[in-house]
Student: 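Next up is a structure, given as structure tokens.
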Amino acid sequence: MNSKTVWRKRPTLLYAGLRSCSSSPTPHGLLLQSTAGKGSPLAVLPTKSLIYSVLFTSVISSPLLKPSLGLLKYVIDSKSSVIHPSRNPVMRYILRKTIYNHFCAGENDVQVRRSVQKMKSMGFKGVILGYARESVANMDDVKHLPDSSNIKQEALDRAVDEWKDGNLRTLKMIGKGDYMNVKFTGAGPAAVEALTRGDRIPPSRIQAAITEICAATAAQGSRVWIDAEQQIFQPAIDVWTIDLMRRFNREGSVVVFNTIQAYLKLSAENVSRHLKLAQAEGWTLGIKLVRGAYIAHDYRSRIHDAKAATDNNYNHIVQSLLTRQFPTGAPTSPQMFPDVCLFVATHNAESVRKAYSLSRYRMHNKLPTIPVELGQLQGMADEVSCELLAHNSSSDATAGQGQGKVAEPGVFKCLAWGSLEECLHFLLRRAIENQSAMERTRHTAVALRREAWRRLAW
Ligand SMILES: Cc1cc2nc3c(=O)[nH]c(=O)nc-3n(C[C@H](O)[C@H](O)[C@H](O)COP(=O)(O)OP(=O)(O)OC[C@H]3O[C@@H](n4cnc5c(N)ncnc54)[C@H](O)[C@@H]3O)c2cc1C
């Protein structure tokens with residue numbers, strides 16, 4: 001890490017009850033709190049990133065947000081050569097220097113590798129990298145053609161091939177232990193149609209492509225996340241992904257993770273069903289747990305009625321898995337529980353703290369549990385990520401003083417890469433997501449500003 005740009009001071013954190021959690025009967029109540037004035041978890045952020053983050057979160061949590069979002073949407077949707085960033089160098093420059101640099105890892109191998117390295121040197125165990133390009137083929141010119149048309153078939157095949165090549169290129173930018181995130185709908189119209197029909201097996205070209213992607217991932221010791229999408233696609237995504245786990249998550253290796261959206265009323269049942277399958281067939285279940293990103297564009301009746309119910313369900317699923325129980329309460333002994341790896345993907349500080357505390361509590365006390373890792377998106381909830389890093393690094397120091405090392409849950413950052421044009425829709429979604437999490441963003445903005453003042457007063 002560059003010592004000129006990083007103001008790392010040994011973080012001094014007060015983990016309310018955590019150090020003595022072995023004797024605490026209520027591990028879920030453990031919360032991390034930074035001790036005011038005694039060093040900040042955000043000290044690991046390079047100064048340039050800190051300045052960007054202060055500016056960005058200040059705008060997002062101010063009355064400037066609404067007009068800024070409107071402007072961004074207008075610019076992205078604009079067909080005008082005067083405005084659209086692909087044709088207007090000034091607009092390109094502004095977008096690149098503001099939100100692109102904040103949320104994206106770069107547009108080519110060199111830039112992305114540098115970003116990945118930067119995250120690792122800050123203390124992150126690894127990264128999750130995804131190619132932001134969403135729709136890989138323009139089907140407008142061929143969609144009127146009959147299905148039997150060769151031209152149409154070639155366009156469908158090209159979309160799948162570009163998706164495969166993009167993912168294989170992404171894979172080369174990460175290392176052992178890192179993740180790559182993959183969206184099945186990214187394979188274009190053939191995937192979208194098959195998922196919508198609920199086909200139990202992907203079209204043959206997609207099947208061959210995803211098999212090649214998973215095999216290459218396994219060969220380099222990395223892992224693949226299959227993203228969760230809208231409900232219309234999700235039953236087939238689950239089936240396709242379970243089949244991949246059945247093939248690749250064998251004999252102790254975990255290559256493929258499925259995504260569970262906790263905002264769905266049936267998600268606890270779904271997790272239990274997947275656990276039973278893994279148990280019966282003898283493979284390892286990889287679960288990435290999210291709350292769900294499509295509340296505004298999905299069947300609302302299938303989603304919990306209130307945010308609090310989603311939060312409770314999320315925390316309940318985490319707690320069940322970490323204690324080797326079925327979330328539906330089906331009776332089982334921890335010994336009969338299948339092998340499971342959990343990735344807690346959230347910016348919600350309470351969920352992160354509960355998962356982290358419970359995992360450490362159970363490992364520290366040698367209680368049956370499962371491996372867990374946690375992660376947030378680049379440019380989001382930095383204070384949450386950095387607090388985890390600070391705790392892991394202070395535990396390392398404790399272990400160094402001969403007090404014994406308890407394996408810490410790994411902390412990851414999720415990065416997106418692609419050219420500015422390829423990332424535009426991803427960027428708009430991030431900005432909107434920050435808007436809907438206004439309270440959290442305000443909290444982040446306050447923490448970042450406090451860290452900036454601390455450096456100025458140094
Ligand atoms: C690393 C990472 C990977 C992700 N991958 C995926 C993915 O593959 N698929 C996907 O769908 N999402 C994904 N997400 C996004 C995720 O689903 C959430 O939209 C986002 O993280 C915000 O939720 P949160 O857990 O961070 O916490 P919070 O900000 O506390 O929760 C916000 C979430 O709560 C839920 N919610 C809000 N209001 C209500 C309400 N009235 N009733 C019920 N529920 C409500 C919604 O899910 C909303 O997104 C990912 C997020 C991360 C951090």
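Read the numbers this way: they start at 1 and go in the same order the structure lists the ligands and their atoms. Keep in mind it's a predicted model, so treat the numbers as computed, not measured.
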Student: Go through the side-chain N and O atoms of Glu383 and Thr444 and say whether any donor and acceptor fall under 3.5 Å apart.
Tutor: yes
Student: Please list, chain by chain and in numerical order, all residues satisfying salt bridge (charged side-chain N to carboxylate O under 4.0 Å, His left out) with Asp199, sequence neighbours excluded.
Tutor: Arg197
Student: So for ligand 1, is Gln376 a polar contact partner (N or O within less than 3.5 Å, distance only)?
Tutor: no
Student: Pairs in or reaching into residues 176-203: which pass ring pair (Phe, Tyr, Trp, His ring centres under 6.0 Å), with residues at least two apart or in two chains?
Tutor: Tyr179-Trp225, Tyr179-Phe257, Tyr179-Phe343, Tyr179-Phe412, Phe184-Trp240
Student: Please check: side-chain N/O of Gln111 versus main-chain N/O of Glu107, any donor-acceptor pairing under 3.5 Å?
Tutor: yes
Student: I want to confirm something. Looking only at heavy atoms, which of Ile226, Val182, Leu289, Thr310 is nearest to atom 43 (C) of ligand 1?
Tutor: Thr310
Student: Between the side chain of Lys265 and the main-chain N/O of Ser301, is any donor-acceptor distance below 3.5 Å?
Tutor: yes
Student: Does Glu229 have a heavy atom less than 4.0 Å from any atom of ligand 1?
Tutor: no
Student: With only distance considered, is Ala228 within less than 3.5 Å of ligand 1 through an N or O on each side?
Tutor: yes
Student: Near Asp227, which atoms of ligand 1 are under 4.0 Å from a heavy atom of that residue?
Tutor: 8 (O)
Student: Is Thr346 reaching over with its side chain to a backbone N or O of Val290, donor-acceptor style, under 3.5 angstrom?
Tutor: no
Student: Consider every N or O of Arg291 and every N or O of ligand 1, then say whether any pair is closer than 3.5 Å.
Tutor: yes
Student: Where does Thr259 meet ligand 1, judged by heavy-atom distances below 4.0 Å: at the side chain, the backbone, both, or neither?
Tutor: side chain
Student: Using a 4.0 Å heavy-atom cut-off, say whether Tyr314 meets ligand 1 through its side chain, its backbone, both or neither.
Tutor: neither
Student: For ligand 1 and Asp311, I'd like to know whether there is a polar contact (N/O to N/O, distance under 3.5 Å).
Tutor: no
Student: So is Arg300 touching ligand 1 or not, going by heavy atoms under 4.0 Å?
Tutor: yes
Student: What do the steps show when you test Tyr263 against Tyr314 for ring-ring contact (aromatic ring centres under 6.0 Å, His included), and what is the final call?
Tutor: CA-CA 8 Å; Tyr263 67 9; Tyr314 191 98; over 10 Å; no
Student: Would Gln261 count as a polar contact of ligand 1, with the cut-off being nitrogen or oxygen pairs under 3.5 Å?
Tutor: yes
Student: Would you indicate which of Ala262, Gly292, Cys414 comes nearest to atom 17 (O) of ligand 1 when only heavy atoms are counted?
Tutor: Gly292
Student: Determine, considering heavy atoms only, which of Lys307, Gln230, Gln234, Lys288 sits nearest to atom 30 (O) of ligand 1.
Tutor: Lys307
Student: When you check the side-chain N and O atoms of Asp165 and Tyr131, is any donor under 3.5 Å from an acceptor?
Tutor: no
Student: Which atoms from ligand 1 have a heavy atom of Trp225 less than 4.0 Å away?
Tutor: 1 (C), 3 (C)
Student: If we set the cut-off at 4.0 Å for heavy atoms, which region of Ala309 has an atom near ligand 1: side chain, backbone, both, or neither?
Tutor: neither
Student: Could you tell me whether Ala293 and ligand 1 have an N or O pair separated by under 3.5 Å?
Tutor: yes
